[in-house]
Amino acid sequence: MRLSQAFLPTRKELPSDTVMPSHQLMLRAGMIQLLASGIYSYLPIGWKVIKKVIEIVREEMDRIGAQELMLPILNPIEIWDETGRNTDFGDEMFRLYDRKKRSLILAPTHEEIICDLARKYIQSYKDMPQIWYQIQTKFRDEPRPRSGLIRARQFIMKDSYSMDVDDDHLEKSYQLHAQAYKKIFHRCGLQFHIVTASSGLMGGSGSQEFMVESEYGEDTLVICSDCDYAANQEIAVSHSIKIKNKEAVSLKRLHTPGKKTIKEVSDFLGIQTSQLMKSLIYICNSQPIMVLIRGDHELNESKLLSFLSCPVRPAQPDEVKDLCNTEIGFIGPVGLKKSMRIIADLSLKDQHDLIAGANKKDFHISGIELKRDIKQKIEYSDLKIVKSGEKCKICNGKLKIVNAIELGHIFKLGTKYSKSMKAFFVDNKGHDKPIVMGSYGIGIERIVAAAILQNFDDKGIIWNEVLAPYLIHIIPIKFDNTDILEMANQLYYQLKSQQLDTIIDDRYVTPGYKFKDADLLGMPFQVIVGEKWLHDGLIEIKKRKSNEKIFVKQNEFIKTIKSLLK
RNA sequence: CGGGGCGUAGCGCAGUCCGGCUUAGCGCGCCUGCUUUGGGAGCAGGAGGUCGAGAGUUCGAAUCUCUCCGCCCCGACCA
């Protein structure tokens with residue numbers, strides 16, 4: 001490509017209203033253009049990179065025997081009613097009507113459509129296993145699009161679905177995907193984590209996410225520095241920092257005027273926050289539930305949600321007052337007016353001398369032992385958020401917390417969809433059984449953003465050879481000198497004839513302009529034809545990443561370039 | 001959906017508090033001419049704006065009031 005003819009609108013100035021480096025660089029390098037919030041046009045070099053990612057994904061999916069197909073984006077609403085996900089997705093689905101006023105949606109994912117295909121074509125255990133995938137635009141009306149392509153409302157996803165006869169075979173399909181995903185992200189040159197993830201309300205027997213660390217990430221991971229343990233914070237477990245168990249003592253009411261928060265109470269009483277018990281009221285299916293957490297811990301709502309298998313919300317202040325006869329800050333499990341389900345974090349089990357609210361304004365109670373002092377049955381579960389510095393349950397190593405961006409998610413769906421959509425097959429004994437499914441996604445643009453995020457400097461993007469829109473960027477300097485222009489053109493044609501993706505900056509602009517643009521665009525190799533060529537007959541090859549310069553004679557050029565390419 | 005910020009030329013911004021010396025300005029970019037080619041060139045000339053939209057207040061509105069729209073950030077949300 002000749003830059004003089006290219007649609008490659010680079011910008012010197014940093015776009016305002018942007019925060020994330022990958023977003024800023026994609027805009028500055030002329031890769032993307034915003035059309036509306038969360039909706040982008042992909043300009044030629046942006047699209048070129050995306051196509052490279054897609055091709056890698058396609059190769060690795062094909063390698064595990066997955067079969068590519070293409071499903072409709074426009075879906076009749078009825079099929080989404082079959083699984084109840086019309087309601088579940090709610091406002092996140094784009095909705096529209098056809099001329100007959102029939103309700104349609106723009107698909108945010110395709111489990112239902114796949115399941116429909118499966119129930120029509122998969123009849124016998126002999127028809128499985130199957131893995132079907134597509135690489136296609138998805139639509140989600142995100143409440144808050146952000147960070148450029150990281151969270152967009154229209155984005156490209158590779159989604160695949162496996163159909164198997166039972167859980168063992170699902171496990172195989174799942175592992176095939178895990179392997180394929182590792183290869184894909186490795187090939188893209190990314191550093192990533194594989195973490196166990198929350199199954200949420202979807203049930204199923206497990207899922208893993210493929211994550212790249214980033215301070216801009218929307219997910220939080222817990223990672224062990226000593227072993228392989230890595231999990232999404234939503235489900236991560238740890239050994240809490242141990243505290244010495246106090247002696248058993250009797251209950252005592254303490255006057256704590258105006259002291260509501262854990263910190264206020266512990267400061268006032270001169271005790272460790274870990275001796276306190278946080279009492280939280282949640283509402284689940286309109287029923288109140290008291291949740292108890294150690295004072296130095298925080299509740300992990302995802303864990304509560306999966307323990308209860310029901311969406312939860314914190315109770316409103318007036319609801320709390322209604323239930324406990326006092327305001328937030330002084331509630332506790334001892335002396336509750338109305339009985340309610342109580343769920344406590346494991347760390348509180350068998351502890352002596354805990355302190356909680358007295359259900360009376362300005363009073364707390366000390367000396368609490370849940371087993372001794374609470375008559376009703378208390379359910380115990382791991383409910384706390386894992387914090388940095390806690391110990392790994394597997395190896396006792398130190399856990400760290402990092403933010404991350406989710407690039408891929410593999411999911412054992414089980415039979416949720418096949419049951420509700422009646423996708424059954426006949427097993428080898430002649431019985432009807434629901435197809436056992438898996439679903440697996442990759443965010444294509446997120447790979448591009450992550451690749452930039454992991455490889456840039458103050459001058460611009462640093463592409464690796466796999467994803468680079470062009471491998472080589474030729475820069476003729478002083479090119480009104482016909483020798484230089486001729487040489488540069490000659491190299492350009494030579495490289496092209498070797499199938500090496502090359503761009504040449506044949507614009508009539510100053511050298512500084514060309515260098516800045518080349519660094520911003522970040523092709524792996526810059527080939528500079530200038531003074532050195534005129535005086536010494538040498539062509540300069542500069543590596544974008546290391547800034548290393550190599551000077552070669554013309555007859556050595558192609559050989560050298562090829563040896564530099566991996 | 002809650003909180004905050006912003007909307008003035010293709011891009012980045014000043015002007016808005018305190019209405020009228022602003023014929024709406026600056027930098028970058030763009031066009032023409034001459035000069036210029038190892039780190040975003042110089043000089044000269046030029047084009048480009050319903051000041052996000054609508055309504056109102058006023059003799060007079062980019063500036064004040066109201067409504068709406070859009071974009072960004074924080075939070076909530078994110079099978």
Side-chain angles (χ1 to χ4, degrees), chain A residues 9-20 23-24 27-28 30 33-39 80 83-93 107-112 138 140-148 150-153 155 159 197-204 207 209 216-220 232 234 301-302 305-306 311 313-314 405-406 409-414 416-417 420 437 439-441 443 459-460 475-481 484-485 488 505-521 526 528-535 540 542 547 549:
Chain A
T10 55
R11 291 182 196 296
K12 180 161 67 173
E13 297 186 72
L14 201 78
S16 68
D17 279 349
T18 59
V19 173
M20 199 167 183
H23 185 200
Q24 295 173 334
L27 287 165
R28 285 191 55 211
Q33 173 69 52
L34 179 84
L35 179 64
S37 183
I39 304 175
W80 286 81
T83 54
R85 289 216 298 179
N86 180 17
T87 325
D88 291 350
F89 264 100
D91 288 339
E92 207 164 312
M93 284 210 282
T109 174
H110 276 92
E111 280 80 6
E112 279 79 358
K138 296 281 187 280
R140 293 186 188 176
D141 195 359
E142 294 289 346
R144 181 145 101 80
R146 70 183 96 180
S147 306
I150 294 295
R151 180 165 292 266
R153 295 195 294 170
F155 59 96
D159 47 323
S198 166
S199 310
L201 282 178
M202 293 302 297
S207 80
E209 291 165 327
Y216 303 97
E218 300 175 315
D219 287 275
T220 308
N232 195 306
E234 290 179 349
E301 286 192 18
S302 314
L305 180 149
S306 56
R313 64 168 176 85
I405 299 163
E406 179 186 348
H409 198 162
I410 56 177
F411 207 103
K412 294 178 193 168
L413 288 178
K416 178 187 158 90
Y417 294 89
S420 59
M437 295 178 64
S439 132
Y440 317 88
K459 295 186 221 144
I475 305 172
I477 304 294
K478 277 195 179 170
F479 79 57
D480 53 346
N481 180 305
I484 283 178
L485 187 56
D505 194 346
D506 57 342
R507 295 173 299 179
Y508 195 70
V509 294
T510 54
Y513 199 100
K514 293 183 182 183
F515 287 132
K516 294 282 187 196
D517 253 2
D519 288 343
L520 170 62
L521 290 167
Q526 296 172 13
I528 299 149
V529 187
E531 295 275 344
K532 281 275 177 192
W533 166 251
L534 278 184
H535 297 137
E540 175 181 344
K542 190 170 97 179
N547 224 23
K549 292 171 184 174

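Because the structure is predicted, anything quoted here is derived from the model rather than measured. A, B, ... follow the sequence lines: proteins, then strands. Residue 1 opens every chain.
Between A/I477 atom CD1 and B/rG40 atom C1' there is a gap of 13 Å when expressed in whole angstrom units. In this structure, A/K516 places its NZ atom 6 Å from P of B/rG40, rounding to the nearest Å. Put simply, CG on A/D91 is 19 Å from P on B/rA76, counting in whole angstrom units. Note: CG (A/L520) to C1' (B/rG39) measures 14 Å, nearest angstrom. Taking atom CZ on A/R151 and atom P on B/rC74, their separation rounds to 12 Å, with Å as the unit. Between A/D141 atom CG and B/rC77 atom P there is a gap of 18 Å when expressed in whole angstrom units. To the nearest angstrom, P of B/rG12 lies 7 Å from CZ of A/R11. Per the geometry, CZ belonging to A/F89 stands 17 Å off P belonging to B/rC77, to the nearest Å.
Separation of the P atoms belonging to B/rG45 and B/rU50 is 26 Å when rounded to the nearest angstrom. Comparing the same atom, C1', in B/rC30 and in B/rC11 gives a spacing of 11 Å after rounding to whole Å. Rounded to a whole angstrom, the distance from the P atom of B/rA14 to that of B/rA41 is 25 Å. As rounded to the nearest Å, B/rA53 and B/rG7 have C1' atoms that lie 11 Å from one another. Separation of the C1' atoms belonging to B/rG40 and B/rG27 is 14 Å when rounded to the nearest angstrom. With both ends at atom P, the span from B/rG48 to B/rA9 equals 15 Å, rounded to whole Å. The P atoms of B/rU23 and B/rU35 are separated by 39 Å, rounded to the nearest whole Å. Taking atom P on both B/rU63 and B/rG2, the two are 27 Å apart, rounded to the nearest angstrom.
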- prompt: A/I484 and A/I477: side-chain contact (heavy atoms from CB on, under 4.5 Å), yes or no, with the steps?
  reply: CA-CA 7 Å; A/I484 283 178; A/I477 304 294; 5.6 Å; no
Using the side-chain contact (heavy atoms from CB on, under 4.5 Å) rule, take A/L521 and A/Q526 through it: C-alpha gap first, then chi angles, then the decisive distance, then the call. CA-CA 11 Å; A/L521 290 167; A/Q526 296 172 13; over 6 Å; no
In sequence, state the C-alpha distance, the side-chain angles, and the governing distance for A/Y513 and A/R507, and then conclude on side-chain contact (heavy atoms from CB on, under 4.5 Å).
CA-CA 10 Å; A/Y513 199 100; A/R507 295 173 299 179; 4.0 Å; yes
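Ranked by how close their nearest RNA chain B nucleotide is to the 5' end, A/K12 and A/E301 are led by A/K12. Mapping A/R140 and A/R28 onto RNA chain B by nearest heavy atom places A/R28 at the nucleotide closer to the 5' end.
Between A/M20 and A/I405 the shortest side-chain heavy-atom distance falls below 4.5 Å. A/S306 has its side chain out of reach of A/E234: every pair of non-hydrogen atoms, C-beta onward, lies at least 4.5 Å apart.
Of all nucleotides present, only B/rC74 satisfies the Watson-Crick or G-U wobble test against B/rG2, with each distance under 3.5 Å. Pairing of B/rA44, defined by two Watson-Crick or G-U wobble distances under 3.5 Å, is identified with B/rU32. Searching all strands for a Watson-Crick or G-U wobble partner of B/rU63 with both distances below 3.5 Å returns nothing. When both distances must be under 3.5 Å, the Watson-Crick or G-U wobble mate of B/rG7 is B/rC69. Nucleotide B/rU57 forms no Watson-Crick or G-U wobble pair with any nucleotide shown, as no partner meets the under 3.5 Å limit on both distances. Pairing for B/rC26 is with B/rG12, a Watson-Crick or G-U wobble pair whose two hydrogen-bonding atom distances lie under 3.5 Å. With a 3.5 Å ceiling on both atom-pair distances, B/rG39 lacks any Watson-Crick or G-U wobble partner.
At a threshold of 4.0 Å, the pair A/E142-A/R151 counts as salt-bridged, since one of the basic side-chain nitrogens sits closer than that to a carboxylate oxygen. One finds a salt bridge joining A/E111 and A/R85 here, because a Lys/Arg side-chain nitrogen approaches an Asp/Glu carboxylate oxygen to under 4.0 Å.
At the heavy-atom level, A/E406 lies nowhere under 4.0 Å from the strands shown. No engagement by A/R313 is indicated, since no non-hydrogen atom pair under 4.0 Å with the nucleic acid exists. Residue contacts shown for A/I528 include a base, since a base heavy atom lies under 4.0 Å away.
Within the 3.5 Å criterion, the main-chain N or O of A/P108 finds a donor-acceptor partner in the side chain of A/R140. For the pair A/K416 (side chain) and A/T83 (backbone), a donor-acceptor distance under 3.5 Å is absent. Listed for the A/K514 side chain is a donor-acceptor partner under 3.5 Å among the backbone atoms of A/P476.
You'll find that the side chain of A/Y513 is closest to B/rG40, out of B/rG40, B/rG38, B/rC78. Looking at the side chain of A/E13, the nearest of the listed nucleotides B/rG40, B/rG12, B/rU37 is B/rG12.
Side chain A/K542 to base B/rG39: a donor-acceptor pair is found below 3.5 Å.
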I'd like a list of close polar pairs between nucleotides 70-73 of chain B and the protein, N/O only, cut-off under 3.5 Å.
{"unit_1": "B/rC71", "atom_1": "OP1", "unit_2": "A/S37", "atom_2": "N", "d": "2.6"}
{"unit_1": "B/rC72", "atom_1": "OP2", "unit_2": "A/S37", "atom_2": "OG", "d": "2.7"}
{"unit_1": "B/rC72", "atom_1": "O3'", "unit_2": "A/D17", "atom_2": "O", "d": "3.3"}
{"unit_1": "B/rC72", "atom_1": "O2'", "unit_2": "A/D17", "atom_2": "O", "d": "3.3"}

Dump the pairs, protein N or O against N or O of nucleotides 31-36 of chain B, anything under 3.5 Å, distances to one decimal.
{"unit_1": "B/rU36", "atom_1": "O4", "unit_2": "A/Y508", "atom_2": "OH", "d": "2.4"}

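By the side-chain hydrogen bond (donor to acceptor under 3.5 Å, both in side chains) test, A/H110 is found to be paired with A/Q134, A/K138, residues two or more places apart in sequence or in another chain being considered.
The minimum heavy-atom distance linking A/S439 with A/L413 is given by the pair CB-CD1, 3.5 Å.
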